[in-house]
A.B. asks: 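Below is one structure. I have some questions about it.
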Amino acid sequence: MIDSLPALPTASPLRALLHEVFGYEAFRGPQAEIVEHVSGGGDALVLMPTGGGKSLCYQVPAIARQRAGQGVTLVISPLIALMHDQVGALDEVGVPAAFLNSTQDWEQTEAIERRLLAGQLTLLYAAPERVGTPRFLGLLDTLAAHGQLSLFAIDEAHCVSQWGHDFRPEYRQLTVLHERWPQVPRIALTATADATTRADIVERLQLESARTFISSFDRPNIRYTIVEKKEPTRQLLQFIERQHAGEAGIVYCQSRRRVDELAATLASHGLTALPYHAGLPAEVRRRHQDRFLREEGIVMVATIAFGMGIDKPDVRFVAHVDMPKNIEGYYQETGRAGRDGDASDAWMAYGLQDVVNQRRMIDESPAEEDFKQVMRGKLDALLALAEATDCRRARLLGYFGEHYRGAPESQLDASTPSPGRLKATSAGAGCGNCDNCLAPPEIWDATECARKLLSTVYRVQQQSGISFGAGHIMDILRGKRTEKVVQHGHDELSTFGLGAEFSEAQLRGVLRQLIAVGALQVDAEAYNTLKLLPSARPILRGEQALRLRAASAAAPPRERGRRARSATPPPAVAELDAAGQARFAALKAWRAEVAREHNLPAYVIFHDATLAAIAARAPAAPVELEGISGLGATKLERYGEEVLRVCASA
Ligand code: ADP
Ligand code: ZN
């Protein structure tokens, strides 16, 4: 990850606080500047990738300001289902926090309100819809009147924008916070926002005078792979079994029905796979989410209804068996892999049908035309990423306005096939950790093929006065005398059989890309038939060359298998000697018990990395636990003795 700038001298009391409460040595990247700015009462807009450490950006100022007598921080979060764990994590480090949401009864609510008014809370989490209620506004008024309303933190701030991928209308009413209590500083945070969304967040939340902090959006530990969709279920199974057996992952599908089917199929192949979508009863969803967070090696098969705010650190892969709507969605969803910084995969299978479906969804939506136009532009950018023959990471970051200059030499590890070749194909900007960098795809000149396809579409339309679908066009070109071809006399067209040398996969690939570049349109209102668009003209005339990825790339490059045989332990664990491994195992078993007792996910108690560091030290006395990352004062006090006991008896 982006590693620590030297901490600012003025930030040192905050750094001391970070060390004392969270047990961390230093701030990461822009955290130091952000916490200093916000602790001092400044407004901030923070754009930081998942796993970058956004929570600390408001938690540290919240603690500092509470200690300075400025009262409570209100955290707006759309994630009711996760508030319990978020508050639990703060409780574990000794920071008094609570949440108010619709899952609580009257008595619980009143008890929290009393603690709030008595100044006993450092952070209060609430859903955006709560903020609009008169009762809640009254509470905030009381706090503000006593100078006890310290800070507003607006998490998942992209939810305020309809251009984002998670629009929540309730977020719009958050302007009330600023209008009613202009003196209270605000920090808005998000892990994803392209330029359009970013501008929209600023406008909607009236953050014009806030300082913006933008981190690099690169996630170097995530390996991006996009394969051509053939038999997605089989491809997915192979991907999981070969590279992630026994590991936790998320598989995204477009429809609920597909989620149910795929979860059942994976389960029948021996995987612990659970479905998650908005059509399941709330109780089932909660149970599945809990199991995903609390057990190891669960594969969650889900629609995009799942995942926002999931802070499980060891999700080893995110797979898409259907294409998402846009790059922001793709980035956000794949970003849920590898928060802990260890090697992880983002894998997607993508095909012609995805392009057709996504275009149709936009065309058929009841939205205004200018909205659809933006959506089409966003889809096109994703299609270009999927079709790219160069570095995926460079493309992805480019979309977010970041110029990727290539991985530092040290990052191009030994598994990279011949670095010389890599440099040659990707002009020095290769990341060494995406499919295209690891195994540069073969390119073929598809210009002729594209011309033949386009002119077939044109001739068919001319001759019959109506349009036809992709299958029929390919049949004509490949010279197949199907019933339909003969019936319409299309075997007499001059292009009939002209494309016999192309495989169906090749033709599909070209069609997909012609749709992607806007030369062809799929008419959803007329049985998905193909229509020519103006940008087909230069291709038809032979003025525009089309260089495409050769349709193959089914087998993953050999290096991959070696990198990730099933369940590779993270480096810190792999380095332990036998006795250390035994201590680590004992600590994990102990942690599981504590987590169960506290009804929290294990990683909230201690991360694997913290347990590995303890195991490596073989501590025999309390002082030997000091300075271990993730072991703050409260945890040291609460668990120090037990940790020593577990280590001694392992
Ligand atoms: P985000 O919300 O940006 O996705 P989190 O706030 O969940 O990220 O942080 C990701 C992980 O990194 C967490 O496990 C967190 O404890 C850890 N982390 C964040 N900042 C630091 C830091 N300065 N030092 C060590 N670990 C950190
Ligand atoms: Zn790359």
Side-chain angles (χ1 to χ4, degrees), residues 1-5 7 11 14-15 17-19 21-32 34-35 46-60 75 77 79 82 85-86 89-90 92-93 153 155-156 189-192 213 215 217-220 222-226 307-315 332 335-342 346 385 388-398 404-407 411-412 416 422-423 425-441 601 603-604 606-610 613 628-632:
M1 197 88 303
I2 342 122
D3 248 327
S4 354
L5 295 171
L14 294 171
R15 188 170 164 184
L17 189 158
L18 176 77
H19 186 72
V21 178
F22 297 93
Y24 296 144
E25 202 45 50
F27 288 111
R28 275 185 190 161
Q31 277 177 339
I34 297 168
V35 297
V46 173
L47 299 122
M48 198 182 261
T50 303
K54 281 183 292 301
S55 327
L56 289 182
C57 294
Y58 61 85
Q59 288 171 352
V60 169
V75 185
S77 158
L79 312 162
L82 295 170
D85 290 356
Q86 287 169 331
L90 285 164
E92 289 294 321
V93 295
D155 205 4
E156 313 286 355
L189 311 101
T190 176
T192 165
F213 297 87
S215 304
F217 271 53
D218 188 18
R219 301 285 311 278
I222 297 182
R223 174 172 294 183
Y224 299 97
T225 303
I226 302 179
M308 184 163 48
I310 291 292
D311 58 359
K312 185 177 170 61
D314 57 352
V315 176
Q332 180 89 345
R336 291 170 186 143
R339 269 173 188 253
D340 53 12
D342 291 334
L385 173 74
T389 52
D390 52 5
C391 179
R392 310 266 192 207
R393 188 179 312 275
R395 293 246 174 183
L396 200 50
L397 294 174
Y404 186 70
R405 289 188 185 79
Q411 237 164 283
L412 300 174
T416 306
L422 173 76
K423 286 244 169 60
T425 47
S426 44
C431 70
N433 201 22
C434 76
D435 52 355
N436 287 351
C437 283
L438 288 167
Y603 59 83
V604 166
F606 284 120
H607 279 194
D608 281 1
T610 303
I628 287 181
S629 181
L631 203 46

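First listed ligand is number 1; within each ligand, the first listed atom is number 1.
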A.B. asks: Just by modelled atom types, is the R219 backbone N or O under 3.5 Å from a matching donor or acceptor in the R393 side chain?
C.D. replies: yes

A.B. asks: Please classify the A191 to ligand 1 contact at 4.0 Å (heavy-atom distances, strictly less than): side chain, backbone, both or neither.
C.D. replies: neither

A.B. asks: Using a 3.5 Å cut-off on N or O atoms only, is K54 in polar contact with ligand 1?
C.D. replies: yes

A.B. asks: Which of the listed options, V35, T190, L56, holds the heavy atom that is closest to atom 21 (C) of ligand 1?
C.D. replies: L56

A.B. asks: Do T50 and ligand 1 have an N or O pair less than 3.5 Å apart?
C.D. replies: no

A.B. asks: Where does E25 meet ligand 1, judged by heavy-atom distances below 4.0 Å: at the side chain, the backbone, both, or neither?
C.D. replies: neither

A.B. asks: Answer yes or no: does an N/O atom from M48 fall short of 3.5 Å to an N/O atom of ligand 1?
C.D. replies: no

A.B. asks: Quick check on G630 - does any of its heavy atoms sit under 4.0 Å from an atom of ligand 1?
C.D. replies: no

A.B. asks: Are G335 and ligand 1 in contact, using a heavy-atom cut-off of under 4.0 Å?
C.D. replies: no

A.B. asks: Quick check against the 3.5 Å criterion: does K54 have a side-chain atom that pairs as donor or acceptor with the backbone of V46?
C.D. replies: no

A.B. asks: Looking only at protein heavy atoms, identify the closest one to atom 9 (O) of ligand 1 and say how far it is in Å.
C.D. replies: G53 CA, 3.4 Å

A.B. asks: Assess H607 for proximity to ligand 1: is some non-hydrogen atom of it under 4.0 Å away?
C.D. replies: yes

A.B. asks: Applying a heavy-atom cut-off of 4.0 Å, say which part of Y24 lies close to ligand 1: side chain, backbone, both or neither.
C.D. replies: side chain

A.B. asks: Purely on distance, is any nitrogen or oxygen of A26 under 3.5 Å from one on ligand 1?
C.D. replies: yes

A.B. asks: Looking only at distance, does S629 have an N or O less than 3.5 Å from an N or O of ligand 1?
C.D. replies: no

A.B. asks: In terms of residue, atom name and distance, what is the protein heavy atom nearest to atom 20 (N) of ligand 1?
C.D. replies: Q31 NE2, 3.0 Å

A.B. asks: Would you mind listing which atoms of ligand 1 come within a distance below 4.0 Å of any non-hydrogen atom of G51?
C.D. replies: 1 (P), 3 (O), 4 (O), 8 (O), 10 (C)

